[in-house]
**Q** 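One structure coming up, written as structure tokens, with questions to follow.
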Amino acid sequence: MLVIKFGGSSVASSQNIKKVKVVLSQKKQPFFLVVSAFSGTTDLLQNAAKQALGGTDSYLNTLDALKNRHFLIAKELILLENQADTLIYIQKQFNQLTALCEGVFALGELTDKTLARIMSFGELFSSFIIGHYLCQEALNVEWINSLDYIKAEGNYLEGELNRTETASLIKDLDKTRNYIAPGFIASNSKGEIVLLGRGGSDYSAAIFAGNLNVNGLEIWSDVDGMLDANPKLVKSARTIKELSYKEAFELSHFGAKVLYAPTIRPVMNKGIPIQLKNTFSPEKKGTYIGNKLKQEPQNSVKGISSIAGLSLITVAGIGLAGIKGMAKKVFATLERASVNVVLITQCCSEQNICIGVVDKDKNQAVTALNEAFDSEIRKLLVDKIIAKSNYSVIALVGDNMKMKVGLSGQLFGALGQNGINIIAIAQGASERNISVVIDTKDEKKATNVLHECFFNTVSKKVHLFVAGLGNVGKQFFKIIAEQKATLLAENNLDLRLVGIANSKRMVLDELGIDWDQGGVALAQGTEVGHFSDFVEGMKKMNLRNSIFIDNTASEEVSASYLEILKESISVITCNKIACSSSYEHYKGLKDTAKKFNCFFNYETTVGAALPVIKTIQDLRLSGDKINRIQAVLSGSLNFIFNHYNSSKNTFVEIVKQAKEEGYTEPNPLIDLSGIDVMRKILILAREAGYSLEMDEVVANAFIPENCLHAQNATALFEAIEQSESHFKQLYEDASSTDSKLKVIATFEKGKAWVGLEKVQSSSPFFHLEGKDNIVSIQSRRYPTEPLVIKGAGAGAELTAAGVFADLMLIINKSIN
Ligand SMILES: NC(=O)C1=CN([C@@H]2O[C@H](COP(=O)(O)OP(=O)(O)OC[C@H]3O[C@@H](n4cnc5c(N)ncnc54)[C@H](O)[C@@H]3O)[C@@H](O)[C@H]2O)C=CC1
Ligand SMILES: N[C@@H](CC=O)C(=O)O
């Protein structure tokens with residue numbers, strides 16, 4: 001014999017009940033069928049009772065709607081000539097139900113005993129209707145009333161099973177016949193109705209299964225089995241194929257609603273396997289729970305469960321340390337107050353015991369504890385006891401977690417990397433469950449982080465927020481659009497664009513924006529008042545593995561890094577403003593990134609994609625000391641002076657060309673004035689370990705005053721045009737001595753300076769072609785022959801590639 005239980009959604013309509021019949025008719029052995037109420041019925045019955053208690057007659061409408069639904073389903077399933085018995089039964093039961101609600105209405109009183117009676121009708125209706133239908137379909141089932149077989153005592157809404165009496169009542173049932181019985185309901189020794197708790201139909205089925213010692217228990221619902229995480233939180237949650245009883249218990253206890261936790265014990269004791277199946281996809285295997293696990297689990301962690309609505313109560317104080325019986329007093333007090341303890345932690349100093357309870361119990365628990373410890377509180381041995389709410393518990397579950405070294409480290413590391421604070425930790429000696437308490441606002445993020453961390457078949461999502469869709473920004477989008485599929489296939493990485501902003505608009509979309517359509521999405525985005533709107537949106541989304549990328553030249557955007565890093569969101573930038581702002585701010589950004597377990601990468605601020613900053617950092621890390629840096633750091637200025645020939649073209653033509661080719665800053669005055677190079681040498685000096693400020697960098701401007709004061713690019717071009725003779729003079733002075741003009745930045749002995757110099761063919765800078773940069777570093781290890789980095793140092797595509805490299809560096813360090 002099999003015991004088979006169908007949940008509320010499986011019997012929600014006549015069509016669904018027909019599917020149930022198909023499943024049953026394929027069974028090759030007798031079955032004992034347990035059904036839930038048609039979905040939503042128990043809630044409506046409870047509502048009707050509460051409406052009646054509230055003194056409004058709206059309960060009558062609720063009951064009417066329920067009656068009509070039950071009549072309708074019965075009429076759709078049962079042939080006209082067979083309907084009478086069923087309809088009469090339903091009508092009689094509804095008469096009783098209505099009378100009960102009228103009593104509640106008249107008395108203004110609703111006891112648990114009455115509520116249990118009212119809520120018991122759903123399963124009685126459903127089992128009776130389905131039983132008659134199955135008989136009509138020749139499945140030959142006998143309807144029995146669970147009230148006559150399952151005995152429970154105590155709380156009317158969540159009774160405690162009387163095992164002995166239940167066993168003696170069930171044992172005489174005939175295992176060669178088919179039965180149907182209502183789930184959820186039992187009766188006590190006085191014959192009153194007692195419920196088995198919400199979800200109790202699973203438990204009813206397990207009680208029948210255990211006592212009849214059947215071959216198996218099947219639990220059919222509208223999901224494919226037990227998932228490895230809550231699918232409402234984790235879209236990539238997958239069905240677990242097999243679980244031990246204990247694993248299933250841990251998972252169902254901690255929130256996996258597909259199986260009511262008490263269900264496991266009655267069948268586990270007899271070694272009866274449980275199969276979780278989907279009524280709407282019966283071909284799927286579902287989840288097997290039992291002793292005979294066929295597959296060696298690949299992952300030590302089988303599932304991640306979570307429950308919200310937890311309050312933490314801390315009993316703390318010097319009076320707790322070393323005094324025997326304090327813990328006993330805490331738990332005895334909570335037991336007397338009927339408070340269920342979800343989680344306990346105590347540190348070895350014994351100065352505090354932290355208890356997790358569900359929110360609804362917190363006031364009761366706090367009052368009881370404060371009363372019990374009144375004398376200790378008065379003597380200041382124990383602090384006044386308070387509860388803090390809005391917490392969630394997340395648990396990793398798996399039998400094979402035992403003795404797995406490093407697992408907790410992985411758990412804490414993954415959460416820490418995403419800025420998720422762990423408030424309390426609990427791990428049993430069985431090591432089957434490690435639970436952490438976190439703020440509920442982080443529950444979804446944490447569950448996803450852990451799911452990606454412990455189930456390596458799931459692709460890892462990286463959430464990207466990008467500011468700037470200009471020259472560099474567009475190239476960056478293009479690179480990702482081209483690389484996305486390869487990254488997914490080869491690196492299991494899903495780079496998801498969840499936010500874009502430019503100076504005018506922004507879009508935020510957790511589901512992801514197409515990398516090919518960034519511009520289109522942005523054009524339809526909302527207008528941005530201030531960049532802080534975008535930052536607020538990022539914070540609110542609170543997504544795991546978040547990275548912000550600044551492809552702008554904006555001061556406003558760069559001013560937001562600190563706030564972003566404090567959210568544990570890494571920052572990548574090619575914008576030089578933040579790194580060349582005050583030393584204190586620059587240092588603060590680096591320190592904040594470390595403190596909040598994230599990264600601040602800005603390799604492209606010097607030499608575009610050339611590995612200049614990384615090289616200096618590595619030299620220092622390995623103990624080298626930088627003594628001197630001499631460099632050509634402006635791609636655009638090198639391009640301009642390499643291409644300007646006063647007899648063939650004008651200076652303004654070349655500057656315009658440099659801008660068009662994407663080498664200059666959005667405002668080319670930043671290049672021509674020397675500011676861009678000053679910023680760069682300042683950044684390099686700081687990376688070399690010197691706390692220099694921008695106003696300490698000495699620069700000799702080579703453009704005339706009228707150019708220096710131009711307000712925008714157009715005005716600048718006009719001013720340059722008017723000053724052609726100045727530039728011609730510069731050119732001729734250099735070429736008359738076979739020299740070339742180079743803007744050279746130098747850092748030496750704690751000082752930095754920038755200037756236009758005439759270099760001769762003997763100089764290593766003489767042959768620097770096109771838009772190239774060169775950085776020559778002298779250090780303790782490279783005292784005479786410098787370490788030289790040379791190559792193209794400007795261009796949107798190269799810079800975007802450098803930004804992408806910074807992104808992959810972060811992903812490789814933190815996510816993979
Ligand atoms: N072109 C190159 O070779 C290199 C450029 N860079 C840096 O790349 C950055 C970007 O340069 P380009 O792409 O040429 O500039 P661009 O002017 O073409 O694009 C700038 C983008 O930033 C957006 N933006 C401006 N203010 C904003 C704000 N307040 N909020 C949001 N978005 C804002 C603009 O709407 C635009 O989409 C600059 O900081 C530059 O120094 C760094 C290394 C090399
Ligand atoms: N405008 C810059 C671009 C790179 O930082 C330059 O000319 O080098």
Side-chain angles (χ1 to χ4, degrees), residues 233-234 304 306 390-394 396 408-425 436-454 458 460-467 493-501 508-510 512 531-550 557-573 575 578-579 585-603 803 806-816:
L233 302 178
V234 180
I304 299 163
S306 57
N390 295 324
Y391 295 122
S392 294
V393 194
I394 303 214
L396 298 183
S408 317
Q410 250 180 301
L411 161 74
F412 301 140
L415 294 180
Q417 201 83 58
N418 280 281
I420 299 165
N421 186 32
I422 300 172
I423 291 145
I425 305 159
V436 291
V437 178
I438 56 164
D439 200 313
T440 294
K441 78 169 174 35
D442 291 327
E443 184 182 344
K444 181 173 177 191
K445 183 173 171 185
T447 315
N448 278 286
V449 165
L450 297 179
H451 195 251
E452 283 177 1
C453 176
F454 288 102
V458 175
K460 293 185 170 58
K461 281 193 190 60
V462 181
H463 296 103
L464 300 182
F465 296 89
V466 187
L493 273 179
D494 180 1
L495 298 187
R496 189 165 282 200
L497 175 64
V498 285
I500 327 175
L508 291 163
D509 185 350
E510 188 175 335
F531 190 68
S532 55
D533 296 348
F534 189 66
V535 177
E536 276 314 305
M538 277 166 70
K539 282 159 74 173
K540 221 183 250 163
M541 284 163 86
N542 193 21
L543 298 171
R544 69 193 178 283
N545 305 336
S546 288
I547 299 175
F548 169 68
I549 295 158
D550 179 7
V557 176
S558 73
S560 65
Y561 298 169
L562 200 63
E563 195 181 346
I564 296 172
L565 292 167
K566 283 183 181 167
E567 295 296 310
S568 294
I569 299 177
S570 294
V571 172
I572 297 171
T573 186
N575 177 350
C579 291
H585 184 62
Y586 152 88
K587 173 93 174 23
L589 291 171
K590 294 176 78 140
D591 292 347
T592 306
K594 271 196 205 126
K595 182 169 170 196
F596 289 86
N597 275 317
C598 56
F599 296 87
F600 176 45
N601 283 16
Y602 44 90
E603 179 62 83
V803 171
D806 262 351
L807 172 64
M808 292 313 292
L809 215 63
I810 293 180
I811 292 174
N812 289 334
K813 277 192 193 160
S814 62
I815 298 161
N816 271 340

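This structure is a prediction, so every number in the text was calculated from the model and none was measured. Residue indices begin at 1 and follow the sequence shown.
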**Q** Which heavy atom in His585 sits nearest to a heavy atom in Ala578, and how many Å separate them?
**A** CD2-O, 4.1 Å

**Q** Examine the side chains of Gln417 and Ser814 and answer whether a donor and an acceptor come within less than 3.5 Å of each other.
**A**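 There is no such pair (donor and acceptor under 3.5 Å, judged by atom type) between the side chains of Gln417 and Ser814.
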
**Q** If you measure from CD1 on Ile304 to OG1 on Thr447, what distance do you get to the nearest 0.5 Å?
**A** 7.0 Å

**Q** Do Ile811 and Leu495 have side chains that get closer than 4.5 Å, going by heavy atoms?
**A**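 A side-chain contact exists here, since the closest heavy-atom pair is under 4.5 Å.
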
**Q** Could you tell me if the side chain of Phe454 sits less than 4.5 Å from the side chain of Leu411, heavy atoms only?
**A**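 Yes, at least one pair of side-chain atoms sits under 4.5 Å.
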
**Q** At their closest point, which heavy atom of Gly512 faces which heavy atom of Arg496, and how far apart are they?
**A**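 Closest heavy-atom pair between Gly512 and Arg496: CA-CG, 3.8 Å.
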
**Q** Rounded to the nearest 0.5 Å, how far does CG of Asn601 lie from CG of Leu809?
**A** 6.0 Å

**Q** Nearest heavy-atom pair of Leu562 and Gly588: which atoms, and what distance?
**A**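 Between these two residues, the closest heavy atoms are CD1-O, 4.0 Å.
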
**Q** Take Leu807 and Leu464 through the side chain to side chain contact (heavy atoms under 4.5 Å, CB included) test and state the conclusion after the steps.
**A** CA-CA 10 Å; Leu807 172 64; Leu464 300 182; 3.7 Å; yes

**Q** Can you tell me how far the CG atom of Asn597 sits from the CD1 atom of Ile420, to the nearest 0.5 Å?
**A**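 Rounded to the nearest 0.5 Å, the CG-CD1 separation comes to 11.0 Å.
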
**Q** Hey, is NZ on Lys595 packed in by over 12 heavy atoms from elsewhere, all under 6.0 Å?
**A** no

**Q** Could you tell me if the side chain of Tyr602 sits less than 4.5 Å from the side chain of Tyr586, heavy atoms only?
**A**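 They are in contact (side-chain heavy atoms under 4.5 Å apart), so the answer is yes.
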
**Q** Heavy atoms, side chains only, cut-off 4.5 Å: are His463 and Met541 in contact?
**A** no

**Q** Taking all non-hydrogen atoms of both residues into account, name the closest pair between Cys579 and Phe600 and its distance.
**A**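 Looking at all heavy atoms of both residues, the shortest contact is SG-CZ, 3.8 Å.
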
**Q** Give a yes or no answer on whether the side chain of Glu603 reaches the backbone of Asp806 with a donor-acceptor pair at less than 3.5 Å.
**A** no

**Q** Can you tell me which residue among Asn421, Asn542, Asn418 is in a side chain to side chain donor-acceptor pair (under 3.5 Å) with Asp442?
**A** Asn542

**Q** Is the closest basic N to carboxylate O distance between Asp591 and Lys587 below 4.0 Å?
**A** yes

**Q** Could you tell me whether the side chain of Phe465 reaches within less than 4.5 Å of the side chain of Ile564, counting heavy atoms only?
**A**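 They are not in contact (no side-chain heavy atoms under 4.5 Å apart), so the answer is no.
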
**Q** Using a strict 4.0 Å threshold on nitrogen-to-oxygen distance, state whether Glu563 and Lys566 make a salt bridge.
**A**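 Judged by the 4.0 Å cut-off on N to carboxylate O distance, Glu563 and Lys566 do not form a salt bridge.
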
**Q** Under a 4.5 Å cut-off applied to non-hydrogen side-chain atoms, are Glu452 and Asn545 in contact?
**A**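 Glu452 reaches Asn545 side chain to side chain.
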
**Q** Minimum heavy-atom separation for Gly419 and Ser568, please, with both atom names.
**A** CA-OG, 3.0 Å

**Q** Taking the six-membered ring for Trp, are Phe548 and Phe531 parallel (under 30°), tilted (30 to 60°) or perpendicular (over 60°)?
**A** tilted

**Q** Check whether Ser570 reaches the backbone of Ile547 with its side chain - one donor and one acceptor, N or O, closer than 3.5 Å.
**A** no

**Q** Distance-only, no hydrogens or angles: does the Asn390 side chain make a donor-acceptor pair with backbone N or O of Thr440 under 3.5 Å?
**A**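 The answer is no, because no donor-acceptor pair under 3.5 Å joins these two groups.
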
**Q** Phe596 versus Ile569: any side-chain heavy-atom pair under 4.5 Å?
**A**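 When only atoms from C-beta onward are counted, Ile569 and Phe596 do not touch, as no gap falls below 4.5 Å.
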
**Q** What are the two closest non-hydrogen atoms of Leu508 and Gly537, and how far apart are they?
**A**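 Minimum heavy-atom separation between Leu508 and Gly537: CD1-CA, 3.4 Å.
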
